[in-house]
Amino acid sequence: MVERNKKLASLLDRIADFLELKGEVVYKVNAYRKAARVIEALTDDIEELVKSGEIDRVPGIGESIKGKILEFLRTGTIKKYEELKAEFPEELAELLVISNLGPKTLKVAYEKLGVRNLDDLIRVIENGSLAKLPGMGWKKVDNIRKGIELYLKGQRRMFLGEALEIANYVIENLKPFATSITYAGSLRRMKETIGDIDILATGNWMEIMNRFVSLHRVTDILAKGETKSSVMIGPVQVDLRVVKEDEWGSALQYFTGSKEHNIHLREIAKEKGLKLSEYGVFRIADNSKIAGRTEEDVYEAIGLCCIPPELREDRGEIERAMVGDLPKLVKYDEMKGDFHVHSNWSDGTSSIEDIAKMAEELGYEYVVISDHSKSMKIAHGLDGKRLLEQVEFIKKLNKKLKNVKILTSIEVDILPDGSLDLPDDVLKELDWVTASVHTRFNEDATFRIIRAIRNPYINSIGHPTGRLIFQRDSYPADWDRIFEEAKKYHVCMEINAQQDRLDLPDYLVKKAKDDYDLKFVIGTDAHHIGQMRSIFLGVAVARRGWLERENLLNTWSLEEVERFIKSVREEKLKLKL
DNA sequence: GCCGTTTTCGGCCCGACTGTTTTCAGTCG
């Protein structure tokens with residue numbers, strides 16, 4: 001995420017909060033919110049866009065907000081924000097994230113009861129004065145109390161992999177009783193983290209709902225009805241909805257989202273005299289239903305081709321679907337190899353033979369064994385001598401293997417000065433070389449990565465941002481410069497498929513593809529053969545990054561990959577001369 | 001505040017639920 005964009009977005013968000021508290025018209029508030037989302041999603045620094053004049057073409061940013069952006073770039077803040085901050089306590093706006101407590105209620109509590117922060121709010125709930133306000137009552141106050149409890153617990157999102165496991169458990173157990181059943185929401189869009197799980201089914205609602213709430217792993221039943229039930233499975237909320245067969249497509253479309261995608265879609269429907277809801281597509285004129293049974297029907301009725309769930313974030317996919325020009329995304333079942341697996345030669349627990357066997361089982365043509373290099377002492381990293389022993393070992397093993405080839409490799413450490421942890425005369429013996437940063441996560445890594453990219457034997461950068469989801473942010477880095485250099489030196493970006501990495505993240509994948517036409521490799525970074533199965537998480541990131549076959553080496557045959565490696569090495573040696 | 005092969009003004013996504021209402025406001029997804 002571009003740091004400056006993030007700061008600007010949060011400032012605009014806060015202005016929206018204050019305006020909402022002030023009672024401004026909702027459209028004005030929404031305009032600021034939308035602009036904040038748009039700016040946050042930009043992969044280019046907002047200052048660059050202003051300089052180049054491209055800012056005028058960014059949807060959702062008009063004269064007024066553009067003026068505030070200029071002001072922000074000039075002064076580091078926005079006068080309107082400072083004024084509003086003088087009018088309302090900042091802490092008050094923060095309370096808006098509490099469920100069941102909206103701006104209207106909060107405004108009245110502030111004006112009539114002097115509520116300025118969470119402590120004040122709890123106090124007026126306890127002493128009953130909030131319930132006495134006009135339009136309020138004990139039930140509303142009770143719901144706000146529940147909202148506060150949730151807020152204090154700090155709702156944790158979960159990894160995509162965790163959510164999929166739970167969703168699949170529910171679906172497997174309900175499948176025998178449903179005509180159709182699948183997961184929807186951010187899970188179906190394969191977002192990197194998931195809040196709660198939405199499952200959609202058709203069939204006999206009573207049977208399905210009964211089975212659902214009595215699943216073994218259910219720890220709490222929150223609600224049970226004809227169309228919607230909610231349970232807790234451990235700390236995770238799972239919602240199940242049962243819909244009619246002829247509403248399956250529109251319901252699936254609606255519940256898959258994203259919200260932004262759906263809003264944009266409905267605007268387009270409206271322009272065409274249509275109305276889109278979870279119940280179907282209707283002609284506004286006579287309220288007749290023209291689609292709803294399948295998602296394809298729904299999109300088609302609005303004049304679009306069906307958009308893969310991973311793209312539904314309103315980042316240009318709707319415009320592309322209107323002209324029938326969606327990317328042909330890589331598919332989950334077309335992976336022909338894994339570019340990053342550790343063996344028991346370093347810190348992995350599986351033998352190279354077992355890794356080969358697993359690769360065969362997964363239907364691969366090749367697997368890249370890349371252990372750690374020597375400076376990773378904790379991981380028993382390989383020095384030059386042991387690495388060359390491993391290369392000899394693999395050469396012999398390859399002669400015995402029939403269906404799969406092991407490519408020799410190393411995950412060589414990029415040292416603090418940008419040099420590599422192994423000499424070139426060792427690296428040149430390998431089929432593939434991945435270079436990764438494993439130290440000094442707080443320092444800007446741009447020059448280190450660029451120096452590594454310029455090495456003639458490097459093929460890819462491993463987990464390029466170094467982030468750990470929920471745990472550690474990316475180190476600061478100038479991705480434009482890195483991608484530019486990677487393009488010049490034919491270096492691929494890894495999409496690391498470990499569930500807590502997913503690195504490169506989807507938005508940078510899209511940027512690297514769109515702006516620099518880079519190539520990518522998915523590596524599971526497996527330390528045990530079981531983890532090789534998680535490659536689908538990497539494919540999900542690739543799809544969310546709009547990748548097609550030509551962008552992703554894993555979809556290529558062994559022959560294509562070897563040809564690519566050979567030509568790239570020749571090119572790079574030429575550059576060196 | 002943004003936006004325009006219906007427009008430079010007058011619109012702005014759709015529906016459900018809840019609670020406090022006697023016709024609707026607030027909140028949510």
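Keep in mind that the numbers below use all heavy atoms, side chains included, and drop hydrogens, waters and symmetry copies. Proteins come first, then strands; the chains are lettered A, B, ... in the order of their sequence lines, and each starts at number 1.
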Worksheet item: Say you pick atom C1' in B:dC3 and the same atom in B:dC13; how far apart are they, in whole Å?
Response: 16 Å
Discussion item. Checking side-chain polar atoms at under 3.5 Å, does A:R157 have a donor or acceptor matched by the opposite partner on A:T193?
Written reply: yes
Worksheet item: A:E24 near the nucleic acid: base, sugar-phosphate alone, or nothing, with a heavy-atom cut-off under 4.0 Å?
Response: nothing
Distances under 3.5 Å between protein N/O atoms and the N/O atoms of nucleotides 8-12 of chain B, please, pair by pair.
unit_1, atom_1, unit_2, atom_2, d
B:dC12, OP1, A:K270, NZ, 2.8

Worksheet entry | Residue-phosphate contact under 4.0 Å: A:S277 side-chain N/O, B:dC14 OP1/OP2 | no
Worksheet entry | Whole-Å C1' distance, B:dT8 and B:dC2 | 12 Å
Worksheet item: Should the heavy atoms of other residues, nucleotides or ligands under 6.0 Å from CZ of A:R533 be counted, would the total exceed 12?
Response: no
Practice prompt. Quote, to the nearest angstrom, the P distance that separates B:dG15 from B:dT20.
Written response: 26 Å
Worksheet item: Looking for any heavy atom pair under 4.0 Å, which part of the strands does A:Y254 touch: base, sugar-phosphate only, or nothing?
Response: base
Worksheet entry | Watson-Crick/G-U partner (both atom distances under 3.5 Å) of B:dT8 | none
Worksheet entry | Short side-chain donor-acceptor distance under 3.5 Å, A:K140 and A:N100 | no
Discussion item. Need one value for A:L265: base, sugar-phosphate or nothing, where a base atom within 4.0 Å counts as base even if backbone is also close, heavy atoms only.
Written reply: nothing
Worksheet item: Base of B:dT6 relative to its sugar, syn (within 90° of 0) or anti?
Response: anti
Worksheet entry | Residue A:R481 excluded, over 12 heavy atoms near CZ under 6.0 Å | no
Worksheet, complete the sentence: In whole angstroms, the gap separating P of B:dT27 from CD1 of A:I144 amounts to 8 Å
Discussion item. Between C1' on B:dC14 and CD on A:E260, what's the gap in Å once rounded to a whole number?
Written reply: 15 Å
Fill in: 5′-ward residue of the pair A:N262/A:K66 relative to DNA chain B
A:K66
Discussion item. Does the Lys NZ or Arg CZ of A:R116 fall within the cation-pi geometry relative to A:Y110 - under 6.0 Å from the ring centre and within 45° of the axis?
Written reply: no
Worksheet item: Taking the side chain from A:T219 and the backbone from A:G234, do they hold a donor-acceptor pair closer than 3.5 Å?
Response: yes
Worksheet, complete the sentence: Separation of B:dG26 atom P from A:L130 atom CG, nearest Å, is 14 Å
Worksheet item: Hey, which of these two, A:S64 or A:L274, hits DNA chain B nearer its 5' end, going by closest nucleotide?
Response: A:S64
Discussion item. I want to know whether A:F159 and A:F470 have ring centres closer than 6.0 Å.
Written reply: yes
Worksheet item: Roughly how many Å is it from CD in A:E271 to P in B:dT6, rounded to a whole number?
Response: 8 Å
Practice prompt. Please state how far atom CD1 in A:I318 lies from atom P in B:dC13, giving the value in whole angstrom units.
Written response: 13 Å
Worksheet entry | Chi angles and distances behind the side-chain contact (heavy atoms from CB on, under 4.5 Å) call for A:M190, A:L164 | CA-CA 9 Å; A:M190 300 293 265; A:L164 271 172; 4.2 Å; yes
Practice prompt. Compare the minimum distances between each of B:dG1, B:dA16, B:dC13 and the side chain of A:R266, then state the nucleotide with the smallest one.
Written response: B:dC13
Practice prompt. Answer yes if the side chains of A:D314 and A:H264 hold a donor-acceptor pair under 3.5 Å, and no otherwise.
Written response: yes
Worksheet entry | Interatomic distance at P, B:dA25 relative to B:dT21, whole Å | 13 Å
Item to complete: Could you check how far CG of A:D198 sits from P of B:dC28, rounded to whole Å?
Response: 17 Å
Worksheet item: Which part of the nucleic acid, if any, lies within contact of A:K275, taking any heavy atom under 4.0 Å across all strands shown: a base, the sugar-phosphate backbone alone, or nothing?
Response: sugar-phosphate
Fill in: Distance below 4.0 Å between A:K228 side-chain N/O and B:dA16 OP1 or OP2
no
Item to complete: Give one of base, sugar-phosphate or nothing for A:I65, where a contact means two heavy atoms less than 4.0 Å apart.
Response: sugar-phosphate
When you compare the protein's N or O atoms with those of nucleotides 18-24 of chain B, which come within less than 3.5 Å of each other, and at what distance?
unit_1, atom_1, unit_2, atom_2, d
B:dT20, OP1, A:G137, N, 3.1
B:dT20, OP1, A:G137, O, 3.4

Worksheet item: Choosing from B:dT27, B:dG1, B:dA16, which nucleotide comes nearest the side chain of A:Y32?
Response: B:dG1
Worksheet item: Could you go step by step and tell me if A:D13 and A:R37 meet the salt bridge (Lys or Arg N to Asp or Glu O under 4.0 Å) rule?
Response: CA-CA 9 Å; A:D13 259 330; A:R37 295 289 77 75; 2.6 Å; yes
Discussion item. Rounding to an integer number of Å, can you tell me how far A:I98 CD1 sits from B:dC28 C1'?
Written reply: 15 Å
Worksheet entry | Atom-to-atom span, NZ of A:K107 to P of B:dA25 - whole angstrom | 16 Å
Worksheet item: If we ignore angles and hydrogens, is there a donor and acceptor under 3.5 Å between the side chains of A:H261 and A:E317?
Response: yes
